[in-house]
**Q** 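Quick one: the structure is below, questions incoming.
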Amino acid sequence: MNVPFLSFEAQHAPLSAALTQAFTRVLNSQWYVLGEEVKQFERAYSAFNEVAHTVGVANGLDALVLALRALGIGPGDEVIVPSNTYIATWLAVTQVGATIVPVEPDPATSNLDPARIAAAISPRTRAIMPVHLYGQACRMPEIMALAAQHQLFVVEDNAQAQGAAFDGRRTGSYGHINGTSFYPGKNLGALGDAGAVTTDDEALAQKVRVLRNYGSQQKYYNETIGYNSRLDELQAALLQVKLPVLPEWTRQRQQVATWYEQHLAGIAGLRLPQVAAGATHVYHLYVVHTPDRAGLQQHLGRQGIGTLIHYPIPPHLQQAYQSLSFSEGDFPIAEDLAATCLSLPMWPGMSESHVAAVATAIRSYH
Ligand SMILES: *Cc1c(COP(=O)(O)O)cnc(C)c1O
């Protein structure tokens, strides 16, 4: 049996008529940027994410950039980021001119380790950016307590974890201001680029509304150096169709993870995802670790099983960050995770027989 890494079919087929209707509604409205669709989606997403304000923006990277800008973070400020995140988290800090301070993750969960964050705080630190990697919530209560103690802001990167929670509270609702992405492959995906900022702070939300729209509240009056980073009416309309189904898709992802746990139990040299006490995991990705990653990935490819690597090169070793003069060995946990991680097929609607086929192919290699 061929098992693709990702399939949208089970998600989109039942919504096809509703998505088409949403498209037609926007087409006929003759209003395509910053209108009622965006407002309605922002209200719906705020209710889902248990925050007072959502501000729709063009993509997840912009959400993080605008969040940092709203906090006034810039040159001379240090921002703590994970050493093993997707590069967007780092790029946001770079784009506002602030200094990146990478901190190693807990190797068991791949998420920021509060004890290591404490050791990286300096007099210039302004913010901490936890990333709920692969869909697992970071230990937010400890991170918020640490931030309060040192008077730091927290900006959650919730791009991979819509619907996850720690101690019953949603990710994307802990930080002072947070960013998320609706890139198509994310747990809540648009049919193109989209993102949002979430916050309980009305003043910060208002700053982002101004920043996303050329630094302007009143047309042709510009109060700050802004961006063009608006969520399209069309994407907002499509996202409104998908959002109500997200809890069901999350349950399906968690069911797939449970099947993986059962079918992959007891394979020597294969480490399955570990979920921290208090955290929920919404399995944006199902990531295993194995020292022989290249061999296993090739074997699975030959058996028709799609896999990917998230991510093969940690940000500090990317050519883009050569100027920071990091070298191999600087962040050994991130480097080891990058060398051993393998993302197995995971999508809502994946069946137990798909999971069994993946497991059989893995066992035939080990
Ligand atoms: C996808 C992602 C982003 C960026 O989102 P885009 O919408 O692609 O700009 C940021 N951080 C993380 C962790 C992501 O996975």
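Read the numbers this way: they start at 1 and go in the same order the structure lists the ligands and their atoms. Since we're looking at a predicted model, the values are computed, not measured.
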**Q** Do His316 and Ser327 get their side chains close enough for a donor-acceptor pair, meaning under 3.5 Å?
**A**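 Not at all, the side chains of His316 and Ser327 share no donor-acceptor pair under 3.5 Å.
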**Q** Consider only side-chain N and O atoms of Ser83 and Glu104, and report whether a donor and an acceptor are under 3.5 Å apart.
**A**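 On atom types as modelled, these side chains qualify, holding a pair under 3.5 Å.
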**Q** Which pairs, with at least one residue in residues 235-264 and sequence neighbours excluded, count as a salt bridge (Lys or Arg N to Asp or Glu O under 4.0 Å)?
**A**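 Output for this query lists Glu248-Arg251.
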**Q** Does a donor on one side chain sit under 3.5 Å from an acceptor on the other, for His132 and Thr171?
**A**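 Absent: no donor and acceptor within the cut-off.
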**Q** List below, pair by pair, the N or O atoms of ligand 1 and of the protein that are less than 3.5 Å apart, including the distance to 0.1 Å; reply 'none' if no pair qualifies.
**A**
{"unit_1": "ligand 1", "atom_1": "5 (O)", "unit_2": "Ser181", "atom_2": "OG", "d": "3.2"}
{"unit_1": "ligand 1", "atom_1": "7 (O)", "unit_2": "Gly60", "atom_2": "N", "d": "2.7"}
{"unit_1": "ligand 1", "atom_1": "7 (O)", "unit_2": "Ser181", "atom_2": "OG", "d": "2.7"}
{"unit_1": "ligand 1", "atom_1": "9 (O)", "unit_2": "Gly60", "atom_2": "N", "d": "3.2"}
{"unit_1": "ligand 1", "atom_1": "9 (O)", "unit_2": "Leu61", "atom_2": "N", "d": "2.9"}
{"unit_1": "ligand 1", "atom_1": "11 (N)", "unit_2": "Asp157", "atom_2": "OD1", "d": "3.3"}
{"unit_1": "ligand 1", "atom_1": "11 (N)", "unit_2": "Asp157", "atom_2": "OD2", "d": "2.7"}
{"unit_1": "ligand 1", "atom_1": "15 (O)", "unit_2": "Gln160", "atom_2": "NE2", "d": "2.8"}
{"unit_1": "ligand 1", "atom_1": "15 (O)", "unit_2": "Lys186", "atom_2": "NZ", "d": "3.2"}

**Q** Do Thr290 and Thr340 have a side chain donor and acceptor closer than 3.5 Å?
**A**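 Thr290 vs Thr340: no donor-acceptor pair found between side chains.
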**Q** Tell me if the CD atom of Glu328 is crowded by more than 12 foreign heavy atoms within 6.0 Å.
**A**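 Count not over threshold, so no.
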